[in-house]
Amino acid sequence: MTTRWTPSATALIIANLVPLAGVVLFDWDVFAVVFLFWLENLVVGAFNILRMAWVEQGAERKPATKFVVIPFFAFHYGMFTLIHGTFVFSIFGGGMVQGIGFPSFMTIVDVVAAQKLWIAVAALFVSHGYSFVVNYLGSQEYRTVTLERLMHQPYNRVIVLHLVIIFGGFVVMTLQEPRIGIVVLVVVKIVMDVRAHLQEHRKLQARPA
């Protein structure tokens, strides 16, 4: 089955072009870009919780089921992302987070303000929010997906991106022309992100209600 291009994929590309513009026009460093990619994981997790709350298939309609699964996902995914964030801050952020300490909410806000990433963060919320409204609600994906699938869905995308961010970030740091390396990292991330996005929604919309 061919993968159909969607407007939400275009919105995703536009959101990913913001850090590319930041690198080219505003000389964003490796940490700013890698931090932004990591922050997107939190946005993905937040919208996935909304998706789980909206599920309307089989046993998932029972509120008691959601009251168990959603908090479990929030804790498990949250710990997974925070541990990865500790590596991002420690390796690329000059040791902002020491030892096994996790990046706090205020630390995240401080980085966004210091690096002037507000527009990029807003673009992430708009992109994923558009996909949630148009694809998940508008195309009624919530009638075909299950809580079990939503539990695992973000990891398929995030784990690969984590590897790209970490190894790509190391490569960029070792290059004599880091700006070029950052541009390549952003482009690779865009390709992988859009590919995962299209496959994800193709599978959801292909399932019968």
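V145 places a side-chain heavy atom less than 4.5 Å from the side chain of Y136. By the 4.5 Å heavy-atom criterion applied to side chains, V55 and T146 are not counted as neighbours. Counting only heavy atoms from C-beta outward, the side chains of M151 and M52 approach each other to under 4.5 Å. Proximity of L117 to F35: side-chain heavy atoms (C-beta onward) are separated by under 4.5 Å at one or more points. Side-chain contact between V34 and F31 is absent, with no heavy atoms from C-beta onward closer than 4.5 Å. Side-chain atoms of W38 and F89, non-hydrogen and from C-beta on, do get closer than 4.5 Å to each other. Between V69 and K66 there is no side-chain heavy-atom pair separated by less than 4.5 Å. Using a 4.5 Å cut-off on side-chain heavy atoms (C-beta onward), V112 and L36 make no contact.
Clustering ILVMFWY residues whenever any of their side-chain heavy atoms sit less than 4.5 angstrom apart, transitively, puts V126 in a cluster other than the one holding V133.
With rounding to the nearest 0.5 Å, the separation of CD1 in I70 from CG in L50 is 9.0 Å. Remark: F132 CZ to E141 CD distance equals 10.5 Å, nearest 0.5 Å.
What you find for F73 and G45 is that their closest heavy atoms are CE2-O, 3.8 Å. Across I49 and A74, no two heavy atoms sit closer than the pair CD1-CB, 3.9 Å.
Not one N or O on the side chain of T107 forms a donor-acceptor pair closer than 3.5 Å with the backbone of P103. Judged by distance alone, with hydrogens and angles left aside, the side-chain atoms of N48 form no donor-acceptor pair with the main-chain N or O of P154 at under 3.5 Å. The closest donor-acceptor contact from the side chain of T81 to the backbone of Y77 lies under 3.5 Å. Put simply, the side chain of Y142 never gets that close to the backbone of R51: no donor and acceptor are under 3.5 Å apart.
In terms of the ring-ring contact (aromatic ring centres under 6.0 Å, His included) criterion, residue partners of F80 (sequence neighbours excluded) are, by chain and number, Y155, H162.
With 3.5 Å as the limit, one finds a donor-acceptor pair spanning the side chains of S131 and N135.
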For Q140 and E56: C-alpha separation, side-chain torsions, deciding distance, then whether side chain to side chain contact (heavy atoms under 4.5 Å, CB included) applies.
CA-CA 10 Å; Q140 297 188 342; E56 286 189 7; over 6 Å; no
Could you walk me through whether L124 and V44 pass the side chain to side chain contact (heavy atoms under 4.5 Å, CB included) test, one step at a time?
CA-CA 9 Å; L124 290 178; V44 169; over 6 Å; no
